[in-house]
> 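Once you've had a glance at the structure underneath, I'll fire off some questions.
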Amino acid sequence: MKKYIWISALALINLFTSCQDFLEERQVSNLTQDYYNDENGLESLINGLYVYARVKHEWDVNGARLTQAETDAYMTANASWARMEVGIYGNDLSTVANNNMFNYLGSANASYAPMGAYPHINNCNIALDILENVAPGVFGTDQAFANQRKAEILFLRSWAFYLVSNQLGDIPLLLTPRREDDGIYYFPKSSLEEVYNQIIADVGFAYEHLPTTGQQGRITKWAAGHFLAKLYLNRAQAAAFANSGEEHLRMLYKGNEATDLDNAIQVATEVINGVGGLAPDYWTLFDPQISETSPHSEVLWAAQFDTNIGLNGRFGGNRSVNYHVGNYTEQSGVDRSMAYGRPFGTFKPTDWGYDNFRDKLHDSRYAKTFRHEYISNMGANSTSFTWTAATAAWWNANKPADQPEVRAGERRILEGRRAIIYLENDRENALDSMMVMSMPFQFMVRWVRSSTTGNYYYRLFINGANMGLATQTAPYLSVKKYVDPMRGGSNDEGNFNSEQGTRDAILMRLAETYLIRAEAYGRKGNYAAAVDDINVLRQRAAFKGGESRPAPLAEWYPEADELDPSEREAPFVAAGDSYDKIMVTENHFTPGTTEANREGYIPSVASKEEMFIHFIYNEKNREFLGEGIMWEDLHNAGILYERVMHHNQMASNLTGLWPVATNTAGGNGQDGNGKGQMQRHHTFRPWPFNYLIQLTDENGVPLSADARSEYQNPGY
């Protein structure tokens, strides 16, 4: 197995073509390394490096679980994962170590070449060695072309070092090619400071030598600039942690360069000016009818997948299309469909992830991030639940005048009518439980209250069962950014069970560049400039006149009282621009103001400087929920642990922070206490046992148990 971890994956060639936005993969059984020493072979090798861009969106035993969940706003729907139990997170034999981290580093696979970080890094080193020392064909005659390709190699190698160091901290910084397995696996770790010195220099070269435009999926100057600005910011974020009393913060230290914030601002500004602006409508970034045919220039870099699923390789395309949708089929009269997605129920927002959208009726990102309503599509085969005598009696007594009476035993949800709607309310705005349970649809309300007993109930299913905080099979308000109507390769409804996603996956976009610059401005005390950048996102986020709000928002959310009466009538069209309702000022992070109190900062955040940083990450969650950057960003900012403790009840071990319900049974109910086992050292991952036992000293002698223990991250 050792050779699969570090040796180049030579079995795959991946080619760009002039008319396709994907990487084509074909098997070559008799390929030798000499193939790469000519112009065509080296070009093929460089093109093949782009396969690694998919790592965050492959199967869930690889990048998805490491970059999506157990943050403040997003969690795993499975309770054991969400609680971060010992068997999942606790040691080098845990699931996250020997499945996720081992694959992330680059484990062997029986059917496909390994494409984790270090096989990819070695491929980069081979390509760089050939480009610089062989320089075949055009690589030797056209210096500008050679520099462009070198820039791509350095960017893609740096991306891998960045992703792995986010997870593990100090890592092996391998910069020379390895072409044969000599039985020596001596891979000492370099400090994060050394890693950042290397990747900042390399991405800086990429930024200098890449073109401003290019073939879809290929790295451009603007993607490199975005990455470079983020690296400068990440180093600046941890500059004060060198002597921290908290070990998990000291481990984040990446060096202390006085110019980092200024450099982040300068490069981010060049990217913002060069790209030219955000997509006018937030949803067009994720609408497959637009994003797959006419992606906006706001998308700086995306991992490429294709509707020809045979070209997607390894584990069947973009698996993220499966992971963000809760179960919408249970007694709902709704069957799985291409439009709604496959309901794996893998990842879901925390309660705070919903509540963090402070202006649900005016910030369109709440409407456009989630699927608020499902329509029955099963016809005569409907699995809809039925009216009981009590619910039928309530409905008949309270129904709108234009609705027919119903009888006990009849199907509640009719074909083509709404089947499920969601309401993320708070305990103070609990709805009457009898009303909620007596609707001609599944009304998934977070808090209900019995008018008879006065008891409060948290997340009841239609039959009164407790759904709890983390129930994988429960319906929940789901992120719809990844829904893929071409899953499995076509829009044939027969593909509704396919796991093979075809959509490109956004890795970098200009909205984040604005927030990188805003954070750098704020860390320098220039709050006015930071607010201006944040408000660029808010201007886009505002509802525009003529846009329709989802019906459940206008019908049921308490904030709907603020709307004009015309906006509360179907089709719930916004009467004008709502920017004035969501515009940010310094009050949003100034202690004691109404705006700051409404933002809900954690208790340890007291100063304006601290509130500003946390406001930036509140805003990032609103803008990027479910996009796979928040774990890394909170981690690098040094605020992951505290925010998870106070915002993610399933991972937290704190008590008394949440409202209490009557239905607390089963250990997963709302009793006001955290359910989790997260500790500070969990902000870094464990090195896998299966990796550690392969290490040797420089002479090929396996490391002793003590040496392996010293190599391991603290706490594991």
Side-chain angles (χ1 to χ4, degrees), residues 326-336 340 343 345 372-469 471 473-477 550-558 560 570 659-666 668-670:
N327 184 11
Y328 56 83
T329 64
E330 180 66 26
Q331 300 183 62
S332 64
V334 184
D335 202 1
R336 291 185 181 187
Y340 293 148
H372 297 267
E373 187 170 5
Y374 292 84
I375 304 299
S376 178
N377 62 4
M378 297 185 71
N381 297 318
S382 176
T383 59
S384 164
F385 68 128
T386 57
W387 293 102
T388 65
T391 57
W394 188 97
W395 174 256
N396 289 335
N398 295 279
K399 67 177 182 63
D402 62 344
Q403 295 296 307
E405 290 196 350
V406 299
R407 295 182 178 83
E410 293 178 338
R411 297 282 183 194
R412 258 203 232 192
I413 300 168
L414 303 180
E415 176 71 5
R417 303 291 292 273
R418 58 170 39 170
I420 314 175
I421 67 170
Y422 297 88
L423 176 66
E424 290 297 325
N425 60 343
D426 55 27
R427 192 175 186 270
E428 287 68 33
N429 289 288
L431 297 186
D432 177 71
S433 57
M434 192 65 201
M435 180 270 290
V436 168
M437 293 296 184
S438 302
M439 288 291 170
F441 45 80
Q442 291 187 9
F443 198 3
M444 298 291 103
V445 178
R446 188 194 302 181
W447 285 99
V448 299
R449 179 178 181 270
S450 170
S451 59
T452 303
T453 66
N455 290 338
Y456 288 86
Y457 296 91
Y458 175 88
R459 297 201 188 280
L460 293 177
F461 193 50
I462 53 172
N463 58 6
N466 300 319
M467 292 188 289
L469 287 154
T471 305
T473 58
Y476 56 81
L477 182 60
L553 269 69
E555 292 174 315
W556 293 104
Y557 276 81
V660 178
T662 301
N663 55 323
T664 60
N668 191 33
Q670 183 52 276

> Can you tell me how far apart CE (Met437) and CD (Gln442) are? Round to the nearest 0.5 Å.
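That separation rounds to 10.0 Å.
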
> Any heavy-atom pair between the side chains of Tyr557 and Asn425 that's under 4.5 Å?
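No. Closest side-chain heavy atoms not under 4.5 Å.
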
> Is any side-chain heavy atom of Tyr422 closer than 4.5 Å to one of Tyr374?
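They are in side-chain contact.
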
> What's the shortest heavy-atom distance between Phe461 and Gln331, and which atoms?
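Minimum heavy-atom separation between Phe461 and Gln331: CE2-NE2, 4.0 Å.
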
> Do the side chain of Asn663 and the main chain of Gln670 share a donor and acceptor less than 3.5 angstrom apart?
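No, the answer is negative, given that no donor and acceptor are paired below the 3.5 Å cut-off.
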
> Going by the rule side chain to side chain donor-acceptor pair (under 3.5 Å), which residues pair with Asn377 if we only count those two or more places apart in sequence or in a different chain?
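With sequence neighbours excluded, Asn377 shows a side chain to side chain donor-acceptor pair (under 3.5 Å) to no residue whatsoever.
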
> Any side-chain to backbone donor/acceptor pair from Ser384 onto Ile413? Under 3.5 Å, distance only.
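Yes, because the side chain of Ser384 sits within donor-acceptor range (under 3.5 Å) of the backbone of Ile413.
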
> Could you tell me which non-hydrogen atom of Ile375 sits nearest to which non-hydrogen atom of Tyr340, and how far apart they are?
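So the minimum-distance heavy-atom pair works out to N-OH, 3.0 Å.
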
> So does Arg407 get a backbone contact from the side chain of Glu410, meaning a donor-acceptor N/O pair under 3.5 Å?
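Looks like yes, one N/O pair under 3.5 Å.
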
> So, taking the atom named CE in Met434 and the one named CH2 in Trp395, what distance separates them when rounded to the nearest 0.5 Å?
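CH2 of Trp395 is found 12.5 Å from CE of Met434.
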
> Give me the atom names and distance for the closest heavy-atom approach of Met378 to Gly333.
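In this case the closest contact between Met378 and Gly333 is CG-O, 3.2 Å.
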
> So which atom in Pro343 and which in Tyr328 form the shortest heavy-atom distance, rounded to 0.1 Å?
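Residues Pro343 and Tyr328, closest heavy atoms: CB-CE2, 4.0 Å.
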
> Can you tell me how far CG of Asn327 sits from OH of Tyr476, rounded to the nearest 0.5 angstrom?
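That separation rounds to 9.5 Å.
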
> Say whether, by atom type as modelled, one donor and one acceptor occur between the side chain of Thr662 and the main chain of Tyr457 under 3.5 angstrom.
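Answer holds: no.
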
> Can you check whether Ile421 reaches Trp556 side chain to side chain, under 4.5 Å on heavy atoms?
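They are in side-chain contact.
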
> What heavy-atom pair brings Arg418 and Ala551 nearest, and what distance separates the two atoms?
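Heavy atoms only, the tightest pair is NH2-CB, 3.5 Å.
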
> Would you compute the distance between atom CG of Leu423 and atom NE2 of His372 and round it to the nearest 0.5 angstrom?
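If we round to the nearest 0.5 Å, Leu423:CG and His372:NE2 are 11.0 Å apart.
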
> How close do Ala560 and Leu553 get, counting heavy atoms only, and between which atoms?
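Closest heavy-atom pair between Ala560 and Leu553: CB-O, 3.7 Å.
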
> Look up atom CG in Asp335 and atom OG1 in Thr383, then write down how far apart they are to the nearest 0.5 Å.
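Those atoms lie 7.5 Å apart.
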
> Aromatic contact between Trp447 and Tyr458, with the criterion being ring centroids under 6.0 Å apart: yes or no?
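That pair passes the under 6.0 Å test.
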
> Among all residues two or more places apart in sequence or in another chain, which pass the side chain to side chain donor-acceptor pair (under 3.5 Å) test with Ser451?
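For Ser451 the side chain to side chain donor-acceptor pair (under 3.5 Å) partners, ignoring immediate neighbours, are Asp432.
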
> Using side chain to side chain donor-acceptor pair (under 3.5 Å) as the criterion, list what pairs up with Arg446, not counting sequence neighbours.
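By the side chain to side chain donor-acceptor pair (under 3.5 Å) rule, Arg446 matches Asp355, Glu424.
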
> Taking side chain as C-beta onward, heavy atoms only, is Pro440 less than 4.5 Å from Trp387?
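When only atoms from C-beta onward are counted, Trp387 and Pro440 do touch, with a gap below 4.5 Å.
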
> Do Met444 and Ile462 have side-chain heavy atoms sitting under 4.5 Å apart?
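Answer yes - side chains close enough.
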
> Does Met439 offer a backbone N or O that forms a donor-acceptor pair with the side chain of Arg412 under 3.5 Å?
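Present.
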
